[in-house]
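Notes to accompany the following structure.
Order of the sequence lines sets the chain letters (A, B, ...), proteins ahead of strands, with each chain counted from 1.
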Number of protein chains: 2
Amino acid sequence: MTTSQSGARERLYLFDTTLRDGAQTNGVDFTVADKLRVLALLDQLGVDYVEAGYPGANPTDTQLFSQEHPAKARVTAFGMTKRPGRSAANDPGIAALVGAKADAICFVAKASAYQVRVALETTKEENLASIRESVQAAEAAGREALVDCEHFFDGFKEDRDFALACARTAYEAGARWVVLCDTNGGTLPHEVEAIVSELVKVVPGDHVGIHAHNDTEQAVANSLAAVRAGARQIQGTLNGLGERCGNANLCSIIPTLLLKPDYSAHFDIGVSRAALADIANVSRTLDEMLNRAPDRHAPYVGESAFATKAGIHASAILKDPATYEHVPPEAVGNRRKLLVSDQAGKSNVLAELERLGVPVEKADPRISRLLDEVKTREALGYAYEAADASFALLARRILGSVPDFFDVERFSVNVERRFNSKGEMSTVAEAIVKVKVGEEVLISAAEGNGPVNALDVALRKDLGKYQPFISGLHLTDYRVRVLNGGTEAVTRVLIESADETGERWTTVGVSPNIIDASFEALIDSITWKLLKEGATA
Amino acid sequence: MTTSQSGARERLYLFDTTLRDGAQTNGVDFTVADKLRVLALLDQLGVDYVEAGYPGANPTDTQLFSQEHPAKARVTAFGMTKRPGRSAANDPGIAALVGAKADAICFVAKASAYQVRVALETTKEENLASIRESVQAAEAAGREALVDCEHFFDGFKEDRDFALACARTAYEAGARWVVLCDTNGGTLPHEVEAIVSELVKVVPGDHVGIHAHNDTEQAVANSLAAVRAGARQIQGTLNGLGERCGNANLCSIIPTLLLKPDYSAHFDIGVSRAALADIANVSRTLDEMLNRAPDRHAPYVGESAFATKAGIHASAILKDPATYEHVPPEAVGNRRKLLVSDQAGKSNVLAELERLGVPVEKADPRISRLLDEVKTREALGYAYEAADASFALLARRILGSVPDFFDVERFSVNVERRFNSKGEMSTVAEAIVKVKVGEEVLISAAEGNGPVNALDVALRKDLGKYQPFISGLHLTDYRVRVLNGGTEAVTRVLIESADETGERWTTVGVSPNIIDASFEALIDSITWKLLKEGATA
């Protein structure tokens, strides 16, 4: 690996483009509020640059950059180099970039002779001029300039001199970073290493960045290969978010840089070990914000990243888990999951109960009962990993007791599609719920936009003396999964609820009948809320 | 890269362990029938070895290996080397392996001094003897022997000589392949390349295999790094299936080997270009079999692998898509998706209609209408990529007509939870459907294990003169997704149906009301079946 000749540690910079390149993923849309939330998350993580958007290209980004957003990270605006045939001063794209309230501007430029000819329909000299004048415009406005050399690797293979000329022009014009982009994602790590080795003879490595895509499943390897060849900035996204096969995954790269000695012994990055211990949470938060199913098998941060069937070496693992784990799960805010051994299962359960604040003695024999109950139910489809409130209730029922706040004696949910009074086909959903609260019997009815919504509203409409406790309770997310498929299918419903304090919790229900499954999760949610409020039966 | 000195092409071997290492993934279970189906798939693809299971370790695998399963691939049985302290002849594990009806046996052996001491609690010499005698036992039984050197890279870093001794012992005992396993998945590509380079001085590269795991997201890179250093067998799984973060993904590796000149110019593999053109289908088939949501962003084979927002270079892409794609999508059985340009959208739609056998003229102005309708509906949540029958019906309605087979004038679905006659709480689901078929009005009622099941049964109970046409129709899969979350949530339902011919089709429905969404998908399914049967209104 190319490192400083003195052996001194070097600084590696992380550039996050979740909010720009990541945002180009089909189905991903950030509002301004979303972007600010992600910016805060990234800032806390410790990345050096946050490419927050493309001002002028869409209303959200234009609005975002109309105000300053103080952050430790350098907030970066993305856009194109000056168009050929006009001056930088007369280029609206440049104007938008320079007018944006950002610390840095990242210009995307062509670095491929073919692209210059066919896509831009201009000359090589014009392209170099565009690069030069764009960088100068940024500097004149007091902004740090970066230049993304698009199609760099394909361009280098086709016309080496021109690709290098583009990079050098950017550097000589004063760009802080010249970023080599594998735009099509098809370059292989050994090619990246060879090409970057050539480039750093022309642009010093501490001014070179790498922007890889995952089209051969080697974006992480390509990023590290570039670093090995001398590059000192890595561009990527959280969870590898990005169109096609995604960008380089910072949630895989950051832990590798901090936990693998071949990198951690040579490089400093802006992410601290403490921030690293929160990265699993950062990853999950982004997925939840985008309503994307998390990748259970994601390296480091995935739910299953440290889950292994213990097999016949249970005792060996328990003696020294390090022999079966390449890094300690806690270092990345994850945890070990041993799926077979009762002994290990028990310590998982204890850890979870402690986390939930359920008082328990280690030696309590009922813990084994709880463990058995969890295993049995998980085989039926319950997912207690995700449903913390349902797990806590299950634990309290087995280890102690949960007050009988109310009892649903009956419910009826009806969905009917028929001609309405105007002669149009319409569908209505209604629910009736009969609840016993103490000695009181209450019947409530409600309509909803669907059967579950109707049932939810009816359940929470009148709980007698408990009504004040649940007034702030509302459903924030509803997830359905059909397990086993076919005729033995069961439906698992996960409901996330929140209350007036902003606190959130998740409950689960399982049944072949989706209404029943939803009912189970709703009841748990209400019960948890009452428990939380200290209501008494 | 280390290649033959004469420049002659070399053979690279592919070893698939989807059915063994892949099967260890939590939630993945193969029946014997499933395994035979996957074996056929892999055989057709052209892998050289299929590690079909671990006879003696579980009933499924024991049963599988009790019979011969002819295949072009070498069917391989996995198991452990002889346990210390007993002879190979007296080792039940060896007996099970030798007794298995397989072409090859893959023994997993320790190659780490630490593992030998702590996990096996034996000596280095005993371990080497276990390797030697196990290989000899396989050979005596006329089987090809492979040895998986577990924890090889960690073992090499800790005690280089012992790791090499394990590998050499296996080779000298007659093993066809010595496979270096990165068991914890934490080794980096440059380390793999360096270590394999050392090993091939001791075991010839054409007897060396690599078995990588994806714990730093570099299993593919590690596999290729080993090949570059001289290894000639790659072990992996379809879709990177495997516990924790998965095994090396053959669906990423195979296309890379065939389509990237740095590999295709030097190596021959068992997978032909024709078989490669089916790999997206192979990937999808496995996911469907396991009821796993496919990874849309998977390299090469993912639904979005070649989907890009055209941006401002629509014209450039259309002139020469190759400039924006690292390989042609057709080469891997995938297709280009351009998401913005109307012109491009049109050619996608035309291609799909042709595929579905819907007769249409290219210049038909209604095609733009269909395109608009698709875009509008997809923005609402419809997913026509997945729901081919619903798309075909939509197309036929716009481009021509679909007969009015029947009309559902009304339905009512009721789910009720109450005390039954035995005093137990139970939930029942019923549906009533009022259908007009021609002049006939029919009312049917049905119960079901849930509201959608009840509605489905009621809908198909009596369709008058069409009843014979739909007698073989049944629901094979039901998938629900809640889009947008929160209060503006809509539910998207995908229903897969099949009939007596075994043919399958998928239909979609979208509504805030899950029953309504299911109803929409059910109606489309029945209508499609009637159309297919040539029923007339």
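Note: B/Ser412 leads B/Ser412, B/Gly246, B/Ala429 in heavy-atom pairs under 4.5 Å with chain A. For chain B, the option among A/Glu193, A/Glu416, A/Lys434, A/His213 with the highest count of heavy-atom pairs below 4.5 Å is A/Glu416. Top candidate by heavy-atom pairs under 4.5 Å with chain A, chosen from B/Ala219, B/Ala305, B/Ala431, B/Gly240, is B/Ala305. Listed options B/Asn222, B/Thr183, B/Leu188, B/Asp295 were ranked by heavy-atom pairs under 4.5 angstrom with chain A; first place goes to B/Leu188. Most heavy-atom pairs under 4.5 Å with chain A, from the set B/Gly450, B/Gly186, B/Pro512, B/Pro299: that is B/Pro299. Of all the listed residues (B/Val327, B/Val452, B/Asn249), the one sharing the greatest number of non-hydrogen pairs under 4.5 Å with chain A is B/Asn249.
A distance of 9.0 Å separates OG1 in B/Thr256 from CD in A/Glu217, rounded to the nearest 0.5 Å. B/His326 NE2 to A/Cys245 SG: the interatomic distance, rounded to the nearest 0.5 Å, is 6.5 Å. How far CZ of B/Phe411 is from CE of A/Met425: 8.5 Å, rounded to the nearest 0.5 Å. Interatomic distance, OG1 of B/Thr216 versus CG of A/Leu259, reported as 11.5 Å (0.5 Å rounding). Distance check, rounded to the nearest 0.5 Å: OG1 of B/Thr187 to NZ of A/Lys260 gives 7.0 Å. For the atom pair OG1 (A/Thr491) and CG (B/Asn453), the distance works out to 10.0 Å, reported to the nearest 0.5 Å.
You'll find the side chain of A/Pro189 stays beyond 4.5 Å of the side chain of B/Leu224, heavy atoms only.
Shown here are the side chain to side chain donor-acceptor pair (under 3.5 Å) partners of B/Arg228, two or more places apart in sequence or in another chain: A/His190, B/Tyr263. Annotation: side chain to side chain contact (heavy atoms under 4.5 Å, CB included) contacts of B/Ile432 (sequence neighbours excluded): B/Ile443, B/Ala445.
With a 4.5 angstrom heavy-atom cutoff, B/Asp262 touches chain A only via side-chain atoms. Neither the backbone nor the side chain of B/Glu430 comes within less than 4.5 Å of any heavy atom of chain A. Looking at B/His151, only its side chain comes within 4.5 Å of chain A, counting heavy atoms on both sides. Residue A/Glu496 does not touch chain B at all, counting heavy-atom pairs closer than 4.5 Å. Using a 4.5 Å cut-off between heavy atoms, B/Val408 contacts chain A through its backbone alone, with no side-chain atom that close.
Proximity of a side-chain donor or acceptor of A/Asn449 to a complementary backbone N or O of B/Asn513 within less than 3.5 Å is not detected. Put simply, the side chain of B/Asp215 never gets that close to the backbone of A/Tyr300: no donor and acceptor are under 3.5 Å apart.
B/Thr427 and A/Asp516 form a side-chain donor-acceptor contact under 3.5 Å, judged by distance and modelled atom types alone.
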